[in-house]
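Remarks on the structure that follows.
Throughout, protein chains are lettered first and strands after them, A, B, ... in sequence-line order, and every chain is numbered starting at 1.
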2 protein chains.
Amino acid sequence: MTRSSRRSTSEDVARAAGVSRTTVSFVLNNRPGQSIPEETRQRVLEAARRLDYRPHASARTLAAGRSELVLLSIPDTRLGPGTSRFVEELTTALTEHGLTLVTHLAGAHGRLLPDVCATVNASAVVGLSPFDTETTEALYRAGAEVVLPLPDSRGDLGDAMESVGRLQAEYLISQGCRVLGYAMPVQPGLREMTEGRLAGVAGACATAGLAPPVVEEVGLEIADASRAVVRWRSSGVTGVCAYNDEFAIAVLAGLRDQGLGAPGDMAVIGVDDIPTARLAAPPLTTIRFDVHEAGRRRAEAIVAALAGRQHEQSPDAGGPQLVPRSSA
Amino acid sequence: MTRSSRRSTSEDVARAAGVSRTTVSFVLNNRPGQSIPEETRQRVLEAARRLDYRPHASARTLAAGRSELVLLSIPDTRLGPGTSRFVEELTTALTEHGLTLVTHLAGAHGRLLPDVCATVNASAVVGLSPFDTETTEALYRAGAEVVLPLPDSRGDLGDAMESVGRLQAEYLISQGCRVLGYAMPVQPGLREMTEGRLAGVAGACATAGLAPPVVEEVGLEIADASRAVVRWRSSGVTGVCAYNDEFAIAVLAGLRDQGLGAPGDMAVIGVDDIPTARLAAPPLTTIRFDVHEAGRRRAEAIVAALAGRQHEQSPDAGGPQLVPRSSA
DNA sequence: GCGCGTTACCAACGCGCGTTAGTAGACGCT
DNA sequence: AGCGTCTACTAACGCGCGTTGGTAACGCGC
C-alpha cells in the first residue's frame with residue numbers, strides 16, 4: 001500500500017511539459033481567446049495524463065471564488081424510496097455537468113443547514129421543498145449563490161405533488177368511488193409533501209362534485225391502519241388515496257385485518273411504485289413518476305441558475321403516471 | 001432577497017476585535033500552548049458571532065493540507081432501505097466529529113471514484129465492502145489519507161453479513177426446518193453482501209448437519225418468486241432465507257400465488273425489518289441490525305484512522321437481532 | 001529601419017486560512 | 001543598569017490555483 005508521496009500539482013505538470021503554470025492552466029481549462037499551438041497543448045495534456053494530475057478542488061475553489069459543490073438538504077424523516085431514487089438521479093445528472101452533490105440530512109442532531117453550507121462551501125443549496133425566507137437569507141449569507149426552491153415558488157416538486165394527488169383521486173373516481181379517504185402519515189415533517197398531495201386529492205373531489213376526502217392519520221402498524229379502515233367504513237368511504245405505497249400497503253393490511261379486501265370493499269391507491277408494491281396482496285395500484293426525468297430537470301435548473309441564466313421549466317414533461325394493478 | 005455583499009473572513013473578525021488575524025485563528029481553533037487572556041478571547045468570540053463568521057472550508061483545507069470531507073461510495077445497485085439508514089447514521093455520527101459526509105453513487109454513468117475523491121478532496125474514502133487493491137492505490141494517489149475497508153480485511157460489515165445469514169438459518173432450523181432454501185437476488189453488484197449472508201446460512205446448515213441451502217435466483221416479480229417456490233417445493237425445502245425483506249416479501253407473494261401459505265407450507269425469513277415487513281401477509285419474521293450502532297462504529301473507525309490511531313473494533317456490540325413475527 | 005499587429009508565452013498577485021518565527025513590553029533577579 | 005523570562009500578541013510565508021497585465025519574438029508593410 002505505497003501511499004505514494006503526494007498528488008501532483010499543476011507546477012509538476014508545467015515542469016514536465018516545459019512550460020509555465022499559467023500555460024498549463026490555460027490548456028487544461030481550455031480557456032478561449034488564447035493562442036496555444038497544438039503541439040504545446042498536446043505536450044501539456046500528455047504530461048498531465050502521465051502524472052495523473054487532477055486539480056486540487058480547494059485551491060481551485062479558493063482562487064475562482066466558487067465551488068462546484070451542490071448541497072442537497074433532505075428532511076430527517078426517514079427518507080423514503082422515492083427520495084432515494086431522486087437523490088440518485090440528481091447525483092448523476094449533476095455529475096454530468098461537473099458538479100458534485102453533497103447530501104445533508106437535516107435533523108435534530110445534525111448541524112444547521114447554513115453551517116454545513118458554509119463548511120463545505122457549497123455554491124448551490126437545493127431542497128425538496130421550498131426553504132423559508134429566514135433560512136434562505138442565512139444560506140446566502142453562508143456563501144450560497146443559488147438557493148432552490150425559493151420561498152415563494154412552490155418549486156416544480158410542489159406542483160408535481162399536487163398533480164400526483166389529483167391523479168390518484170381521479171382514478172378512484174373513474175372506478176366508481178363516490179366518497180374518498182386520505183391516509184396521512186402521523187409523522188410530521190412530511191407535511192410539505194403531504195399537503196400538496198392532499199390538496200390535489202381535494203381538488204379532484206371538488207371538480208367531480210364530491211365531498212372532500214376523509215382524512216385519517218395512519219401509522220405503519222396493522223392495528224393503526226385497521227382502526228382507520230373502520231372509521232372510513234363508517235364514513236361511507238369506498239376508495240382511499242394513501243400518501244405513498246408504504247401507507248397504502250398498511251391500509252391493505254388493515255383491510256385484511258378486518259376481513260375485508262381491495263378493491264371490493266375499498267379501493268386503495270399509493271404513490272411511488274416501490275419494489276414491493278407489485279408484491280402486495282393484492283398488487284398495489286399506484287402512481288409512478290419519472291424520477292430520472294425529475295432529477296435531470298432539477299439538475300438543469302441548478303446549472304442554469306449558477307450560470308446566471310433564467311431557467312424556464314420545460315412544461316411538465318414526464319409527469320406522474322398511473323400504474324394500474326389490482327388494488328383499485 | 002438581499003444577497004448580502006459577501007461572507008465575512010477572519011480578517012473582518014480581526015479588525016472588529018482589534019487584534020491580528022493570527023490571534024483570531026488561535027482563539028477560534030483554541031490552539032493549546034498559547035497564552036491568550038480571557039478578555040481578548042471573549043472579544044474575538046463575540047466579534048465572530050456578531051459577524052456570523054464561518055471559516056472558509058476550501059481555504060482551511062488548502063492551508064491545513066487536509067479536508068474534513070469523508071467520501072462514501074455506494075454501489076449503483078438501487079440502494080435498499082438498510083443502506084439508506086446506514087448512510088443516515090454515518091452522516092450524523094461523522095457530523096458530531098466535525099466531519100462532513102459526501103455520498104457518491106458509483107455506477108456506469110458517474111465519474112470514477114478516484115476522480116470524485118480528488119475533486120472533492122476527501123481525506124477519507126469509505127465503502128460498504130472492501131475496495132480492490134488497484135482502486136485503493138488510486139485513491140491514495142488521489143489524495144485520500146484513509147481508505148476503509150482495506151482489500152484484505154473483510155471489514156466489520158462482511159463479518160456482520162455472515163452472522164446475519166447464520167441467524168436466519170438458525171432460527172428456521174430451530175423452528176423445525178430440515179431443508180433450507182436461499183432466495184438470491186438476480187442483480188449482480190450485491191454479490192459482496194449476498195455471498196456473506198449465504199455463507200452464514202450455509203455455515204449454520206453445516207453446523208446442524210443439514211444439506212447446504214438450495215439457492216434460487218429471484219427477481220422482484222410474483223411470477224419469478226412463484227417459479228422459485230415450485231422448485232423449492234420439489235427439492236423438499238420447508239424454510240427459505242431471503243437476501244432481504246423485499247425478496248422475502250416476493251417469496252411470500254410467490255407462495256400465495258401457488259395457493260400456499262407461510263409458515264405452514266414454507267417458513268420465510270428476511271433481513272432489514274423494513275417498514276412494510278410488519279404489514280406483509282403474514283407479518284414477516286426478519287433480522288434487524290442496529291444501524292445506529294453500526295454507523296457510529298464506522299464513524300469512530302474513520303476518525304481514529306484519520307488521527308493515525310489504530311482502531312480496535314469493539315467486539316460485536318449491537319449485533320443482528322431476530323424479529324420474530326408470523327412468517328416463520 | 002521603424003512602427004504595428006500578432007503569436008506564444010510567463011511573472012506575479014491574491015483567494016482565506018494555518019502556522020512559524022519573532023517582537024515589544026512587563027517583570028523579577030542579580 | 002543589565003539580563004533573562006514570561007506574556008501577549010503580530011508579520012509574513014505558503015498551500016494550489018485562476019487570472020491580469022505584461023513581454024519577447026516574429027512577420028509585414030512602408
Side-chain angles (χ1 to χ4, degrees), chain A residues 5-44 47-48 51-69 98 118-121 123 142-143 145, chain B residues 5-44 47-48 51-69 98 118-121 123 142-143 145:
Chain A
S5 52
R6 76 190 210 299
R7 34 192 304 193
S8 37
T9 73
S10 71
E11 180 87 46
D12 299 332
V13 177
R15 213 182 355 256
V19 296
S20 81
R21 224 175 40 68
T22 308
T23 304
V24 171
S25 178
F26 285 163
V27 170
L28 294 185
N29 303 335
N30 49 16
R31 198 133 186 290
Q34 292 291 335
S35 56
I36 292 171
E38 193 55 27
E39 197 262 342
T40 308
R41 167 182 225 76
Q42 286 306 327
R43 224 171 48 231
V44 170
L51 294 182
D52 194 26
Y53 168 72
R54 267 172 299 224
H56 191 289
S58 302
R60 160 176 268 162
T61 296
L62 189 57
R66 72 148 47 178
S67 75
E68 40 243 346
L69 247 49
T119 50
V120 305
N121 197 26
S123 56
E145 281 179 51
Chain B
S5 51
R6 75 190 211 301
R7 37 192 300 195
S8 38
T9 72
S10 69
E11 180 87 45
D12 299 332
V13 177
R15 212 180 358 254
V19 296
S20 81
R21 222 173 44 65
T22 308
T23 304
V24 171
S25 178
F26 284 163
V27 169
L28 295 185
N29 303 336
N30 51 14
R31 198 130 186 292
Q34 293 290 334
S35 57
I36 292 172
E38 193 55 26
E39 196 263 341
T40 307
R41 169 184 223 73
Q42 286 305 327
R43 227 174 44 232
V44 171
L51 295 182
D52 194 26
Y53 168 72
R54 267 172 297 226
H56 192 289
S58 302
R60 161 175 266 165
T61 297
L62 189 57
R66 71 151 44 179
S67 75
E68 40 242 349
L69 248 49
T119 51
V120 304
N121 198 26
S123 56
E145 280 178 51

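The separation between A:Ile36 atom CD1 and C:dT6 atom P is 18 Å, rounded to whole Å. As rounded to whole Å, 16 Å separates atom C1' of C:dT19 from atom CZ of B:Arg66. D:dT7 atom P lies 16 Å from atom CD of B:Glu38, rounded to whole Å.
B:Leu28 approaches B:Tyr53 most closely through the heavy-atom pair CD1-CE2, 3.4 Å. Residues A:Ala16 and A:Ala47 approach most closely at CB-CB, 4.1 Å, considering heavy atoms. Looking at every heavy atom in both residues, B:Ser67 comes nearest to B:Asn121 through OG-O, 2.6 Å.
In this structure, C:dG14 and D:dC17 make a Watson-Crick or G-U wobble pair, each of the two defining distances being under 3.5 angstrom.
Heavy atoms of B:Thr40 sit under 4.0 angstrom from primed sugar atoms or phosphate atoms, though from no base atom.
Of the candidates A:Thr23, A:Leu51, A:Val19, A:Leu51 is the only one forming a side-chain contact (heavy atoms from CB on, under 4.5 Å) with A:Val13.
Without hydrogens or angle criteria, A:Arg43 side chain to A:Ala17 main chain gives a donor-acceptor distance under 3.5 Å.
Proximity of A:Val44 to A:Arg41: side-chain heavy atoms (C-beta onward) are nowhere separated by under 4.5 Å.
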Counting primed atoms, P, OP1 and OP2 as sugar-phosphate and everything else as base, the B/S/- map of nucleotides 14-20 of chain D against protein heavy atoms under 4.0 Å is BBBBBBB

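One finds no side-chain N or O of A:Ser20 lying less than 4.0 angstrom from the OP1 or OP2 phosphate oxygen of C:dC9.
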